[in-house]
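Right, one structure below, let's go through it.
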There are 2 protein chains.
Amino acid sequence: MKHDLQIAETTCDGAQVLAALAALANPHRLRIVARLADGERHYVSQLAREIGISRPLLHLHMQKLLEAGLVTSRLELSDDGKALNYLELAPFHLSLTAESIRHCVKSLPAPGDTGE
Amino acid sequence: MKHDLQIAETTCDGAQVLAALAALANPHRLRIVARLADGERHYVSQLAREIGISRPLLHLHMQKLLEAGLVTSRLELSDDGKALNYLELAPFHLSLTAESIRHCVKSLPAPGDTGE
DNA sequence: TTCATGTGTAAGGTTTTTCTTACGCATGAA
DNA sequence: TTCATGCGTAAGAAAAACCTTACACATGAA
């Protein structure tokens, strides 16, 4: 069985939780995720039109979702030879509670720490 | 029975979800929440010392948590007459999935909309 | 070739967030 | 009074996020 990206439950990597939160804390990116969850397949130019934002802007937001691991991308060749970049949701479940936060904050680098 | 601030499950106010995400998407604020969940009571000057940040900085982050409704504050008078501002966690449960996001994005104002 | 489609990214400006320093005001104790 | 504690907030710098415009490259079709 394939597991979802279970965030903040058992694994509890503070940095990962933080990345997911930052990635989702934006209206455009929430809309992107929402679209990608509608059962259809979407490539980036198409998705940009659907959401009503420019392609470079979508690319920027897409990048954050990719880096957080919430979205994956796959380049495909269409029938007429165009290279289409299809986006897919990485199934995730972010479950946050004061208690779960208390737990996963322990794995956060200290305030002045650079993580080295 | 008193309910938690159930975010993104049934209520699904897009703006509220967004506010909660933005409020939590910061390492200092995660630490604040974590501290407030340790069972002790904390007033702001004390909390700032515990976390290791300046009081004005804590005040700033505190503000975001207050506005998102994740934290409440209550002014109390100590035995020696000082006014202490005690912070408390509003019990919350943020459960986010692609599907739940798809649902609550519907209640988000349109991209160019100012919400009026 | 020219056009319409797709891909990416760099440069620059605006806006927001983040943080520090410096105020001002109140209290009780020394 | 002076000091240590608590409270809040304003002003300005620094950093990060956000967004637009413009570029470069590829393909198939007209």
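We name chains A, B, ... by the order of the sequence lines, and we start the count at 1 in each one.
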Using whole Å, what does the distance between atom [atom2] of nucleotide [N] and atom [atom1] of [X] come to?
| X | N | atom1 | atom2 | value |
| --- | --- | --- | --- | --- |
| M62(A) | dG8(C) | CE | C1' | 9 Å |
| Q46(B) | dG6(D) | CD | P | 9 Å |
| L84(B) | dA4(D) | CG | C1' | 14 Å |
| N85(A) | dT5(C) | CG | C1' | 15 Å |
| E76(A) | dT27(D) | CD | P | 18 Å |
| L18(A) | dT18(C) | CG | P | 11 Å |
| L75(A) | dG6(C) | CG | C1' | 10 Å |
| Y43(A) | dT5(C) | OH | P | 10 Å |

With the 4.5 Å side-chain cut-off for hydrophobic clustering, are L24(B) and L57(B) part of the same group?
->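 L24(B) clusters together with L57(B).
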With the 4.5 Å side-chain cut-off for hydrophobic clustering, are L89(A) and L65(A) part of the same group?
->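 Yes; tracing contacts between hydrophobic side chains, which count when under 4.5 Å, links both residues.
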On a heavy-atom basis, the closest approach of P27(A) and L18(B) is CD-CD2, 3.8 Å
Show each protein N/O and nucleotides 9-11 of chain C N/O combination with a separation under 3.5 Å, one pair to a line.
unit_1, atom_1, unit_2, atom_2, d
dT9(C), OP2, H59(A), NE2, 3.4

Relative to Y86(A), does R41(A) satisfy both conditions: NZ or CZ under 6.0 angstrom from the six-membered ring centre, and within 45 degrees of the ring's axis?
->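 Yes, a cation-pi geometry.
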Can you establish whether the number of heavy atoms outside E88(B) located under 6.0 Å from its atom CD is more than 12?
->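 Atom CD in E88(B) is not packed in, count stays at 12 or less.
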Measuring from atom [atom1] of [X] to atom [atom2] of [Y], what distance do you get when rounded to the nearest 0.5 angstrom?
| X | Y | atom1 | atom2 | answer |
| --- | --- | --- | --- | --- |
| L47(A) | R31(A) | CG | CZ | 12.0 Å |
| I51(A) | L58(A) | CD1 | CG | 6.0 Å |
| C12(A) | L108(A) | SG | CG | 10.0 Å |

Any salt bridge between K64(A) and E67(A), counting N to O under 4.0 Å?
-> no
Between the protein and nucleotides 27-30 of chain C, list every N/O to N/O distance that falls short of 3.5 Å.
unit_1, atom_1, unit_2, atom_2, d
dG28(C), O4', D80(B), O, 3.4

Which of these passes side chain to side chain contact (heavy atoms under 4.5 Å, CB included) with L87(A): M62(A), R74(A), Q46(A)?
-> M62(A)
Stepwise side chain to side chain donor-acceptor pair (under 3.5 Å) test for H59(A) and S54(A) | CA-CA 9 Å; H59(A) 191 270; S54(A) 71; over 6 Å; no
Give me, pair by pair, the N or O atoms of the protein and of nucleotides 15-18 of chain D that are less than 3.5 Å apart, along with how far apart they are.
unit_1, atom_1, unit_2, atom_2, d
dC18(D), OP1, N26(A), ND2, 3.0
dC18(D), OP2, R29(A), NH1, 3.2
dC18(D), OP2, K64(A), NZ, 3.1

